[in-house]
Amino acid sequence: MDKLNNKAIGVFDSGYGGLSVLKEIIKLMPDYDFNYLGDNARTPYGNRSFEAVYTYTLQSVKKLFELGSELVILACNTASAKALRTIQQEYLPTLNQPWKRVLGVIRPSVEIIGKYTNSSHVGVLGTRGTVASNSYPLEIHKIYPEITVQQEACPMWVALVENNEFNNDGADYFIENNIINILSLDNQIDTLILGCTHYPLLIEKIKKYTPKHISILSQGEIVANSLKDYLNRHPEMDAMCSKNSIHKFYTTDSPKLFKEFGSIFCDKINNVKQIEL
Ligand code: DGL
């Protein structure tokens, strides 16, 4: 194990999407070390069963722990929706290291929603898995019972991003359709949550089809602020995170592809290794 990077914060996604979160975290916390793991060989997770997403996510968390992380961020809504709670409640207690933590991206995105909506009507765009889990409405209603939540699954959007088609005209068809669908469910929606870490790459086209008065929330900055706040509130965890500004990237698929394509999401990618889960 690399001595300098053995206490890096682990960041996980099914593929490239989590890089949109990591990029913002690095901006806010440039001193910290990060190990990013993309399960590119098995992406996308969005249409997979609960069991498959749980198994894959758990394997990835174990790998990041093995690489030395004490803290892992699931920078993936699908994994946060389908696997996080079981990992926290059933897997972590079996370890003899009670300080280890796994955090997700849904809770921080939900906490700040009250600051954005005036109408108390919000829409969530996500993968089929995230929408089917109902995690967003459940979490939003715990904090804001008065907010009405509509959801729309956008099963093509991750594929557009993963296949580098997100700037092409074909993408407009799917994006326009999904936006029309969600807004037709409730004409009072004034806030749309991009509940998938791949979607920030589609932001220009999403804006094109969304009326100007509607706020569009991307998760990168929200999750970065929430992580910084978490480490401020947990100095014992902060002390365990190494700070040498080292960023390492692991993929279950081709490192060459990861570097080439991942650079569209985040310009810090140079050190990529293939890894087996
Ligand atoms: N980036 C992931 C998310 O935030 C999911 C993409 C997928 O694997 O379907 O949900």
Side-chain angles (χ1 to χ4, degrees), residues 10-25 36-61 72-85 87 102-110 123-139 151-166 171 174-175 178 192-203 206 216-224 226-227 249-253 257-258 261-262 264-266 277:
V11 179
F12 166 71
D13 183 48
S14 61
Y16 298 111
L19 292 171
S20 68
V21 174
L22 178 64
K23 182 179 159 188
E24 298 299 330
I25 299 179
Y36 182 92
L37 170 54
D39 190 7
N40 299 81
R42 298 189 293 200
T43 199
Y45 282 10
N47 296 333
R48 294 188 188 274
S49 66
F50 272 81
E51 292 72 20
V53 174
Y54 176 69
T55 304
Y56 296 172
T57 305
L58 182 60
Q59 287 171 344
S60 305
V61 165
V72 171
I73 312 297
L74 301 185
C76 174
N77 290 265
T78 311
S80 300
K82 291 183 160 188
L84 178 62
R85 184 179 299 249
I87 288 176
V102 180
L103 306 175
V105 287
I106 294 181
R107 183 79 191 189
S109 313
V110 160
V124 178
L125 301 162
T127 64
R128 277 201 180 119
T130 299
V131 167
S133 75
N134 235 12
S135 299
Y136 271 97
L138 290 170
E139 290 297 325
Q151 303 189 89
E152 168 79 357
C154 311
M156 291 303 292
W157 291 19
V158 170
L160 291 170
V161 172
E162 290 282 326
N163 291 291
N164 205 359
E165 292 286 339
F166 57 95
F174 296 102
I175 294 171
N178 288 124
L192 284 178
I193 303 176
L194 304 188
C196 173
T197 54
H198 282 69
Y199 296 176
L201 261 86
L202 301 166
I203 190 74
I206 296 171
I216 302 168
L217 303 194
S218 288
Q219 295 177 304
E221 247 179 89
I222 297 170
V223 174
S226 150
L227 175 60
F249 297 86
Y250 298 89
T251 174
T252 52
D253 206 331
L257 266 184
F258 187 94
F261 193 40
I264 301 173
F265 288 76
C266 175
L277 297 179

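Both ligands and their constituent atoms are indexed starting at 1 by order of listing.
A donor and an acceptor atom, one from each side chain of Gln219 and Asn77, are located under 3.5 Å apart.
Panel note: side chain Ser218, backbone Gly220; no donor-acceptor pair is recorded below 3.5 Å.
Under 4.0 Å from any atom of ligand 1, one finds heavy atoms of residues Asp13, Ser14, Thr43, Pro44, Tyr45, Gly46, Cys76, Asn77, Thr78, Thr127, Val158, Cys196, Thr197, His198.
The two residues Thr127 and Thr78 come nearest to each other via the heavy atoms OG1-OG1, 3.0 Å.
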Step-by-step side-chain contact (heavy atoms from CB on, under 4.5 Å) determination, Cys154 to Tyr199: CA-CA 10 Å; Cys154 311; Tyr199 296 176; 3.6 Å; yes
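By the side-chain hydrogen bond (donor to acceptor under 3.5 Å, both in side chains) test, Gln151 pairs with Asn134, sequence neighbours left out.
Other residues, nucleotides and ligands place no more than 12 heavy atoms under 6.0 Å from the CD atom of Glu221.
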